[in-house]
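On a predicted model such as this, the values are computed, not experimentally measured, just so you know. When a residue number appears, it is its place in the shown sequence, counting from 1. Atoms considered below: every heavy atom in the structure, side chains included; atoms not considered: hydrogens, waters and symmetry mates.
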Amino acid sequence: MHHHRASAKRRRSSVEVSQVSGFSRQLMGRNMESSDRAAVLDELASLIAGIRSARPIRVAIDGRTASGKTTLADELAEALGKTGRAVIRTSIDGFHRPKVERYARGRHSAEGYYYDARDLPAINALLLSPLGPGGDRRYRTALFDLDNDQPIKQEPQVASADAILIVDGTFLQRPELRDDWDLAIFVETSEQLSEQRGIDRDAGRLGGADATRQLYAVRYKPAFDIYESMCAPASTADAVFNNDNFARPVLKVRTGGRLSHKS
């Protein structure tokens, strides 16, 4: 992974601020132009960059499958880079478990996807804890090659003290991980829209649209239902980024959350 450092005058766009139930404010662009998304991203980046810490800030970009987590994480990393901060951009995809373990309950098992897909202790030990309180800032972003289904050895990298870690993935606020994030952003997209986006994206590698639709119906959606019922991720996140309208997203910052310092 690379650290992205840049210095540029940030674009300031006006945003609407209003009361939202359970959240301290709602931010959205004033018109339908594509710059609306940039304005909301700049506002979110400003909130994150405004947090003062003597060590790296660990940010989770959470959400259901195909909600737009990776896109948002990439955009947010770019926006934060413009503030002059070092950014570590990665995902939890480098921490998959071997196929024999991932599919032990069956290829279409929702429980298998939720409980068995990733090596959660390794995510903590190799990525999150080294950047946390008392950590040595020597982190790794992967230990497994998913395509070749085999472990890899990655040399540790050293994070700067002011770095911001941006990690996207599913189920990031589960009990095994939630205490090792400094911030959690939940990408909120409707079930139907996420499924269609996922089918469009994944059909080529998952055996066609029908096979992909079945996989979403029996594995991915029920797995998210397990997560939602156990963890209520949209309610516990520091902010919710509604991504239903890509050009006009809505950001809601939770009252009392770790981003509400500027609310």
Side-chain angles (χ1 to χ4, degrees), residues 1-17 23-63 67-94 127-128 131-132 137 139 141 157-169 172 181-189 237-243 245-254 257-263:
M1 291 300 300
H2 298 285
H3 293 246
H4 305 285
R5 188 182 294 275
S7 59
K9 186 175 181 180
R10 296 179 58 251
R11 175 175 52 247
R12 279 295 185 185
S13 301
S14 58
V15 292
E16 296 175 2
V17 179
F23 290 81
S24 60
R25 64 182 183 176
Q26 172 174 302
L27 304 160
M28 60 186 269
R30 290 188 183 278
N31 54 53
M32 296 295 291
E33 296 175 359
S34 60
S35 61
D36 292 344
R37 186 174 182 90
V40 176
L41 286 165
D42 276 357
E43 182 68 24
L44 179 55
S46 176
L47 289 171
I48 294 172
I51 295 176
R52 295 294 169 240
S53 175
R55 59 167 178 80
I57 298 171
R58 303 160 299 175
V59 182
I61 307 297
D62 190 21
S67 59
K69 302 180 298 297
T70 300
T71 298
L72 175 61
D74 288 344
E75 293 172 319
L76 186 57
E78 182 178 357
L80 283 165
K82 293 176 183 177
T83 70
R85 298 289 290 272
V87 178
I88 304 167
R89 171 71 184 97
T90 190
S91 79
I92 62 167
D93 286 344
L127 178 62
L128 299 181
L131 303 181
R137 305 204 310 268
Y139 69 95
T141 60
Q157 301 176 71
V158 180
S160 60
D162 71 339
I164 299 175
L165 173 71
I166 306 290
V167 183
D168 71 279
L172 295 186
W181 301 111
D182 298 301
L183 295 171
I185 313 298
F186 184 80
V187 182
E188 180 181 63
T189 306
D238 298 287
V240 171
F241 188 97
N242 185 282
N243 209 32
N245 185 333
F246 186 85
R248 235 177 120 77
V250 177
L251 175 66
K252 295 173 284 186
V253 178
R254 180 168 61 85
R258 293 167 289 188
L259 277 180
S260 62
H261 62 289
K262 287 191 178 181
S263 299

So, for [X] and [Y], which heavy atoms are closest and what is the spacing to 0.1 Å?
X: I61; Y: A73; result: CG1-CB, 4.0 Å
X: I164; Y: L80; result: CD1-CD2, 3.8 Å
X: A239; Y: L259; result: CB-CD1, 4.0 Å
X: F246; Y: R37; result: O-NH1, 2.8 Å
X: D42; Y: A79; result: OD1-CB, 4.1 Å
X: I92; Y: G169; result: CG1-CA, 4.0 Å

Does [X] reach the side chain of [Y], with side-chain heavy atoms less than 4.5 Å apart?
X: L72; Y: N243; answer: no
X: W181; Y: V167; answer: yes
X: R55; Y: D182; answer: yes
X: V40; Y: F241; answer: yes

Among I88, L183, V59, the one residue meeting side-chain contact (heavy atoms from CB on, under 4.5 Å) with L165: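 The single option meeting the side-chain contact (heavy atoms from CB on, under 4.5 Å) with L165 is I88.
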
Side-chain ion pair, D74 and K69, N-O less than 4.0 Å: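 No, no charged N to carboxylate O under 4.0 Å.
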
Any donor-acceptor N or O pair under 3.5 Å, side chains T70, D168: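 Their side chains do contain a donor-acceptor pair, which is all the 3.5 Å distance test asks for.
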
